[in-house]
Every structure is written in C-alpha cells, then in structure tokens.
Amino acid sequence: MGAGLLWLGLAGLWQALGTRAAITIDQVRLTVHPGNEVVSGTNLILRCEADVSHSLSRPPTHSFSFLHNGQVVYSKNISASVVERTFSPARVSNSGQYECTVRIEDKAKTSNRQTLRITGLQTPTMKVKSDIVSEGEDIIATCSAAEETGTLMFLFYEDNQEVKSEVSNTNTISITLTMKKLTDIYLHCAYMVVRHPTAGFSNNSNTVKVFVRDLKELIPQISFSPSASVVEGERVAIKCEVQDRSALEMFLTKDGTILHRFHTSFTYSLTVREEDSGDYVCKTEKGSVQKKVENRLSVTALFTRPILTMSPYEVFEGEFFKLNCSSSVISNKISKEDIKYVLLKDGQRISTNPIFRKSASLVNNGKYSCWAMARGVNKTSLPHLLKAKVPVSVPVLSAVGKVIVGRPFKVLCEAKNGTLPITYTLLKDHTPVDSRVVNGTERAIFTITSIRFPGEIDSFTCQAYNGPRFIRTSDALTAPVIVPVSEPMLKPQETTVTEGSDLVLTCSAQEGSYPITFTWYHNKLLLLYSRQEVQSSKGSHIVKMITRDQRGDYHCEASNQALETKQSKPARIGVSLALWKKALIGVLCILLLVAIVVVLTAFFKKTSHPRRKRQATELSVKPSRPKSGDPMRMSLTLDIEDNTVLNGTPCVMGRNVWSENASGSDSDDHTDEESELVQPEQADPSREIPMPKNAEDEYIIQHTEVQVSTPGVPEQAEGAALEYVQLNNSEQETHDT
C-alpha cells in the first residue's frame, strides 16, 4: 500500500511537470461591440478572448490586461478564456487605441489593435452661488459635465467674452469672478477634453444672469474750510466723509501723493502756501470697490518766491561780489516792509540783510540761498553756487619732443593754475600765430612748421587768458635745437699707402649738433668697429696693417640726433707692395734674367756644334753621283745623343769616322772644311746594294754617299761623299770582342 501511494505521488508530480511544460497560447482576439465608431453616451463593450492549448487537468488562470494608448487601464485574473471591459456610457475620453494582453505563467501574447472613436460632447451646466451681488463683490460660478470623464478644460464667459479658463481632472469646477461693472452681466461656460482636442468644444452651457448693485454709500464727500479760495498763510481744513463706515479705507491725495489715510471719515488741516493750490482727491476703498471724488483748492500768494542774484555774475578770487535777495508783494494784505529776509550759506544763516557783500576767496565758495517770510509764510529761493574763478597763472611754453632745424615740431603752452576755460595763444615776434581753448582734459599743443636757425626759437612766446583782466604771457621758448649734419668729407692721410702700414681716415662735417656719429665703409661694406660718436665735427678711423685686399673705395657717413644720415663722396685708396716684397721681386727678376742668359748661351752653343749641340742631324743616303733631283735619294734623321748604336758603330777598320777633329767640334767657329770625311771609292752603278736584315747583322754599304745637313751650315757639293768600307760579320764580331 505504501508503494502504491508513492507511485501515485510520483505520477502526480510527473503530470504536473509535464502539464506546465505543455501550455501554449494560440491566439488572442480583441473585439469592440457595437463598433469602433460610436456616439458619446453609447454603451460600449471591449471583448478579449484567448485560445489556449494545454495538458492540465483543469483550466489555467488567465491574466488579462487592457491597454489604452499603451497604458494599462484594466486588469483581471480569471480561469475563463474570455473577459469584457464595459463603458457605460462611452465618452470622448475613451477614444484611442486598445490592446489586450494575456499572460499564463511564463507565457504571454498580445491581441490585435483596435481603434475606438467616440464623437460628441455632453452639454455642461452653469450655476452661480448668488445671482444678486454688489459692485466689487465676488461671484462663485460652477461649471459641470456630470457624466464626462478624463482631463477637461473649462472656459468661462462673461457677456460672451472669455474671462477665465481652468483645467480639472474632474467633471466639475468652481471659480471666483470679481465684478467690476455696475451693469448686469451674463455668464455661461463650455469645456473640451484635453487629450482629444480634435473632438472640439462642447456646446455652451445654460446662461446665468447676475444682477450688480451700485454701492452709493461708498461714495465720499470732500470740502474745504473756510473756503476753496484762500490767501497764503491761512489755515485750511479739508474734510473727507462717507456714509458707509464698515470695513473700508479712506485716502486724501494730491498729485499722486497720499496726504492722509484713515478707516472712516476724517479732517486734514494745514497752513496753505501758494504751491498748495491744486486738485485734492478723497477716495474710499472696500474690497475691490473704489469710489473717489475730487475738488480744487485755490491759494493766492502774499508775495513772490524770493530771487537771489549775484553781481558780477562771475567773480575771480580777490574780487568783491554782492548777493541780493528780493521778493514782490502780490496780496494787499501785506506791505513790502512786512517781508523779512534771511541769507544762508550751505544751509547756515549768515545774514538777515537782503544785501550781502564779500571778497571772493576759496573760503567763501559755497551754495547760497535766501528766505522771504511774512505772516508765517516762508519761501526759499533757488540756490546759487558760488565758486570764485582762479586767475590764470603765467604759462610756460615748452617744446614737445625734439626741435630740429628745418623740420616741424610741437610746443605746449600750459598754465599751472586757472579756472577753465582758458584760451591759449601762440605768438611769434609778438604776433599771434594760433590759438586753442582748453575746457577740460585737452592741452594747448601748437605745431610750428620749422625754424631756419637755432636762434629763431627765442622768437616764440604764448599767452593764457581766462578773464578780461587776466592775460598772462610766457617767457620765450627755450629748448635745445638740433642742427642736422651736413654732407661729410672724407680726407685720407694718403691716397696710396704701403702694405703693412696704417691707413688714417678722417671724416668731418661742417654743420651738425653734437654728438655726431661717424661710420666708415670700404667698398660699401661697413668696417668693423668703425662706428664712432664724438663731441666734435671730426672723427678718425685707423685701418691697422693694411693689406692689398683692403685697397678700393672708402666713404664715411655722419648722423646725429636729427636721425638723418649723410654720406661723403668716395675716396679711392691704393695699396703698394711692402719694401721686402719689392726687393724679393727684384732679386727674383735678376735670377730669372741670369737663368735666361745661361739657357740661351747653352742653347746657342748646342746648336752651333754639328754633332753634340744640334738636336737633329739630317742624313741623305743615295747612290754615288746622284742627281740633285734624283728620287732615289733618301733622307734619314738620326739623334746623335740618344741613338747609342749608331754612335759606336760607324767605324772604318776599327776606327770611328767621327772621332777625328772631335775636339774641334766644340768650337762655335767651326766650318764645314774642318770636318774631315773619308771619301768613298767610286761605286759601280750597276751593283746592287743589299739592305741588312737587322742591326745585329753585318753592315754592307757599298758605293754609298752620306750627306750631312746641318741647319745654318751650307751643304757640301753634290759630288762630296763619304765612302764606308764594307764590314763583314766576322770583322764586326772580332771588333766587339
């Protein structure tokens, strides 16, 4: 039995787990009955139905939620698969988009969307707490739309003019209106749904008539005693009174100024003066209701307001001035003698005499006024401010900036003391040139076109003027005058200097204020450390140990505080060689001449010798007795000094044919007859002359004529020839050994 219960429990648990996992929501449908567009006041039903498939033994619990414009407005948990939401009746505020969401455990599904449009608004009702009110009394009005829902905006109208609007979350609202008119008024109201402005405004409510009563008992009265027309000095009582004495305020005003205030009727008294004439207003105020009345009081003056005059109108320190306080009688109730005067300075009494005399000074400066009094009436004059003018002091004329001959410059004329305005005049040789009027912070600065020489500056003066008796003249203008430098002149100590010596360059300017700055240039390039400022018209610069590279054009420049630079004409400087260089060049020239002589001597000696001093010897080899024009003649040039083979080989019977008279060949005076030549034998013209194969073979020259031509030496006769004996090979070898 226990095993059976366990089996049943496991089966139930398995079924529960299996059932939970098998739930699925197939479909959720939302329908509207009777339709999506209805008139306000219609009963409307929203029906939400869910199709659910499950394997549970009993229906699951459905969680239904209705959404209006995305906001949940109704929820219900039910095991049934259908739920309804009823609007009875439906109003414009119920318009909008609706959806239905069904949730079962962890499964959820949303229905289709339905748009609901409800047209037509309910006609509101207008009520007032009391339809009979007094002027200024508040009216409490109530507007209601009993069955309307949502947020509503109510509008209230007075005589078809909108006077107030209020928003309410309920369908009824009460407001307070203040009646400001004395006529009857008509009130009505209307409303609109805030979230559905397209629905428009409702129809107007019923109209309520409100009767407004005039509060005549609040109208005040004003009176003057003894009369509304009085003379200065009389006592006048002004009375304000009203019939209604409950919870009100009363005011007496004149020209916007409250003279008195009380909660009921009152009397206000004053001793009148001429300026008290005017309109007086008595006003009552109760709640929002105001009533007023005004009356005019006329006050005749006894005498005019006193006038304080001063003569002269402007006074300088040290001069006397007079103050006079005067007034004229207007009313016949007083005479001129009845008017008394008091003179005041800065509010303090200084005299009871209408005429006051005093010497102007800094102490007596101040604000003066006077009183005129008669029969208790006191009148005050307008104040007069006395500030004695300070005479202008002697001005000082000074230069502004540098004064340079031939250029414009500025001067300042200024007086240390003196009341403005001050007129300054520039004079040259006591003749006015220009003028300036100084009223404030500006200064009297004049421009002088130029002066021709320094002494001309003393001809300028200036005057300062601030009154007919105060004209001051300055001393003559004194200022350092700068004379621009004239064109400088460069004077070198020498125009040609020796290399290695010092070159002294002197630059001078005939005109120019000191100090003068001189600068020297070489070929338009600034010389190093050549700038020199001197307190004279002349400056010097020394070029130390001058070299050949420093020859050329030199010039100098001169300038001073006039900031104008003048340049001299250039001076050309030559630099000659140093003495030791000249001596060296002389020695070298002498040595060069000696060398040339030696070379020429050796050359001439060499060219005059037929064998050793000539550079080339021309040999002519031809058959014996050839004709001078024979084409078989052959010339051979042999270098006697370089060809060692020929130097040692031309021998006859072991003897050099050139060896004879060799000593005599050194003489420059030799002739062709001094050269001994071996005459060859008569050659056979039919015999061939074999040519040797090389220098080492035997030399066979038969019946051969050798002609030696020397430049500058006449050729031998055509018949003269040297005959060489034939040397065989064996004899050559014996000779070599």
Side-chain angles (χ1 to χ4, degrees), residues 309-322 358-365 384-486 510-516 559-566:
T309 58
M310 186 184 79
S311 61
Y313 181 75
E314 291 183 342
V315 61
F316 285 85
E317 290 182 354
E319 294 181 337
F320 281 92
F321 67 94
K322 181 178 73 173
K358 200 73 174 178
S359 175
S361 65
L362 183 64
V363 176
N364 292 326
N365 289 342
H384 181 86
L385 180 63
L386 172 62
K387 187 175 182 180
K389 300 182 70 174
V390 179
V392 68
S393 60
V394 176
V396 176
L397 183 62
S398 59
V400 179
K402 297 179 180 179
V403 179
I404 302 173
V405 172
R407 297 185 192 175
F409 62 94
K410 296 181 182 297
V411 294
L412 170 65
C413 185
E414 189 172 33
K416 186 176 181 180
N417 297 317
T419 302
L420 300 176
I422 299 176
T423 301
Y424 293 94
T425 303
L426 178 67
L427 301 96
K428 181 179 181 182
D429 296 328
H430 308 291
T431 301
V433 176
D434 197 3
S435 63
R436 297 277 190 280
V437 178
V438 175
N439 287 304
T441 58
E442 66 271 17
R443 308 175 77 186
I445 297 177
F446 302 92
T447 300
I448 298 175
T449 55
S450 66
I451 56 175
R452 295 168 295 173
F453 53 91
E456 190 177 355
I457 197 171
D458 299 334
S459 63
F460 291 96
T461 57
C462 76
Q463 287 181 344
Y465 162 85
N466 70 341
R469 295 190 302 107
F470 299 98
I471 300 176
R472 304 284 187 264
T473 303
S474 72
D475 294 332
L477 175 63
T478 57
V481 180
I482 300 171
V483 179
V485 294
S486 59
Q510 296 298 322
E511 297 179 356
S513 299
Y514 305 150
I516 299 177
S559 63
N560 62 0
Q561 297 180 51
L563 302 178
E564 182 179 355
T565 302
K566 298 291 181 63

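Fair warning: this is a prediction, and the values are worked out from it, not measured in the lab.
Side chain of Thr425 to backbone of Pro432: no donor-acceptor contact under 3.5 angstrom is found. In this structure, the side chain of Arg407 engages the main chain of Ala562 through a donor-acceptor pair within 3.5 Å. In this structure, the side chain of Asn365 engages the main chain of Ala388 through a donor-acceptor pair within 3.5 Å. A donor-acceptor pair under 3.5 Å links the side-chain atoms of Ser513 to the main chain of Val483, judged by distance alone. Asn466 contributes a side-chain N or O that, together with a main-chain N or O of Thr419, makes up a donor-acceptor pair within less than 3.5 Å.
Side chains of Gln561 and Pro515 form a contact here, defined as non-hydrogen atoms less than 4.5 Å apart. Using a 4.5 Å cut-off on side-chain heavy atoms (C-beta onward), Leu420 and Asn439 make no contact.
Closest heavy-atom contact between Lys410 and Thr447: NZ-OG1, 3.0 Å. Heavy atoms only, all atoms of each residue included: Val403 and Ala399 are closest at CG2-CB, 3.6 Å. A pairwise comparison of heavy atoms in Thr565 and Ser559 identifies OG1-CB, 3.6 Å as the closest pair. Here the closest non-hydrogen pair linking Pro312 and Phe320 is CD-O, 3.7 Å. Contact record, Glu564 with Val485: O-CG2, 3.7 Å, taken as the closest heavy-atom pair. Minimum interatomic distance between Met310 and Val315 (heavy atoms only, all atoms of both residues): CE-CG1, 4.4 Å.
Judged as a salt bridge (charged side-chain N to carboxylate O under 4.0 Å, His left out), and not counting sequence neighbours, Glu511 has no contacts. The salt bridge (charged side-chain N to carboxylate O under 4.0 Å, His left out) check on Lys358 picks up nothing, with sequence neighbours excluded.
Once rounded to the nearest 0.5 Å, the distance linking OG of Ser393 with CZ of Arg472 reads 8.5 Å. Of the inter-residue distances, the one linking Phe409 atom CZ with Ile457 atom CD1 reads 5.0 Å to the nearest 0.5 angstrom. For the atom pair CD (Glu456) and NZ (Lys428), the distance works out to 4.0 Å, reported to the nearest 0.5 Å. The structure places OG1 of Thr473 at 11.0 Å from CG of Leu397, a figure rounded to the nearest 0.5 Å. Remark: Phe460 CZ to Leu426 CG distance equals 6.5 Å, nearest 0.5 Å. Separation of atoms CG (Asp458) and OG1 (Thr478) is listed at 8.0 Å; rounding is to 0.5 Å.
Ring geometry for Phe470 against Phe316 counts as tilted: the plane angle lies between 30° and 60°, on a 0 to 90° scale.
Among residues at least two apart or in separate chains, disulfide bond (SG atoms under 2.5 Å apart) pairs with a member in residues 406-484 are Cys413-Cys462.
Other residues, nucleotides and ligands contribute only 12 or fewer heavy atoms inside 6.0 Å of the CD atom of Gln510. Within 6.0 Å of NZ in Lys387 there are 12 or fewer heavy atoms belonging to other residues, nucleotides or ligands. No more than 12 heavy atoms of other residues, nucleotides or ligands shown are found within 6.0 angstrom of OH on Tyr313.
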